[in-house]
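So the structure is just underneath, and the comments pick up after that.
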Amino acid sequence: MSIPSPLVLQSDADDCASEQLNTAAIGCSPAEHAELTHGLLASPAEVPPKYLYDTLGSKLFETLCLLPEYYPTRTETAIVGDHLPDIAGAVGRGAVLIDLGAGNCAKAERLFDALAPSHYVAVDISADFLRNALDGLQSRHPHIRMTALGQDFSRGLRLPEEVPADNRLFFYPGSSLGNFGPGDAHRFLSGLRQSGGEHASLLLGVDLVKETEVLNAAYDDALGLTGAFNLNLLRNLNRLLDADFDVRDWEHVAFFNEQQSRVEMHLQARRPVHVRWAGASRRFAEGERIHTESSYKYTRPSLTALLEDAGWTPTGYWTDPAGWFAVVHAGSLPGALRKEDAA
Ligand code: AVI
């Protein structure tokens, strides 16, 4: 039997062209240059977490998921493994499975037997990465129609016409929702509600509030891998902006901010430093910080409120025995669309 080839679509517009900015020396688009410069000149300075994930950063992230202190990945895997029949019962078979941030597609593949999706849509910022992953996946599951979409869906998901409009299941594991602030999380979930139509559902992996010591250790591990992941952002900035950050001038700081219910990662200057990059420069005093990531932690009530406010109705909730992580299923009940979201 011949194996169908998965369809790969690169749907993000190329926003690199600009007449104003001389991009010869820098490795990013004018829009990224503006975003990064704005953040680095802000008080306190901040850089969006997506810049943690260059090639080395992605490898460091993959590795830190194996750390004993970093419980989310293995806890989510265990929850799905322990509750798969129940999850499948809630979700149903034959859905159009839309995998947001699919990466190597391994998490979704674990659901294939139980959920028997009619169509699998893998969405990731890197279309090249997906192309490789889907070739193998399609040969192992020749009966499932597959589409790969190279897209930064955090700015809004755009699905091509070939993706059936009915029975869409959005799969967003790994507690990635936690890297959105509350306003962006609401916008993101409302956006999915819009793209899903009346019979969509959502399967989310979400990290929960727990003892501060556990959270602090997960983001500041004894081996220093999370620190390397965070500090590598400076190397990425050097490449993107032609900047002159010296990694040795900075240290990794991470802690649970109870009031905001989020773990914060920062890079803190060890001494006074003067950093220059294409088109700008800034002095940082000793102890001054660059905020690089927030990882929001939810409770069942705060998650329910977020989902309901975005037009979703929670219908299934599974957790580990310690209650550290949750896998949540939510449906889009007809009529649950809020007027302002539908406008
Ligand atoms: C990708 N994201 C869900 C991770 C998190 O836990 O917020 C990123 C991470 N940062 C430090 N360790 C892992």
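Whatever order the structure lists them in is the order used to number ligands and atoms, beginning at 1.
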Ring geometry between Phe188 and Tyr172 (parallel below 30°, tilted from 30 to 60°, perpendicular above 60°): tilted
Tyr70: numbered ligand 1 atoms lying under 4.0 Å from its heavy atoms: 4 (C), 5 (C), 6 (O), 12 (N), 13 (C)
No-hydrogen, no-angle side-chain donor-acceptor test under 3.5 Å, Glu35 and His33: no
Cation-aromatic face contact Arg235/Phe245, 6.0 Å, 45 degrees: no
Pair His199-Ser332, side-chain donor/acceptor within less than 3.5 Å: no
Ligand 1 versus Asp207: contacting region, heavy-atom distance under 4.0 Å: neither
Any Tyr296 heavy atom less than 4.0 Å from ligand 1: no
Residue-ligand contact Ser175/ligand 1, heavy atom below 4.0 Å: yes
Contact atoms of ligand 1, heavy-atom distance to Asn179 under 4.0 Å: 1 (C), 2 (N), 3 (C), 4 (C), 7 (O)
Test item, Pro72 contacting ligand 1 (heavy atom, 4.0 angstrom): no
Per-residue contact class, Leu64 against ligand 1 - non-hydrogen pairs under 4.0 Å: side chain
Short side-chain donor-acceptor distance under 3.5 Å, Thr147 and His119: yes
Contact check, side chains of Thr226 and Leu67, non-hydrogen atoms, under 4.5 Å: yes
Nitrogen or oxygen of Glu293 less than 3.5 angstrom from that of ligand 1: yes
Contact atoms of ligand 1, heavy-atom distance to Gly174 under 4.0 Å: 3 (C)
Cation-pi check, Arg282 onto Phe284 ring (under 6.0 Å, within 45° of axis): yes
Phe112 ring center within less than 6.0 Å of Tyr120 ring center: yes
Geometric N/O contact Tyr53 with ligand 1, under 3.5 angstrom: no
Geometric N/O contact Ser295 with ligand 1, under 3.5 angstrom: yes
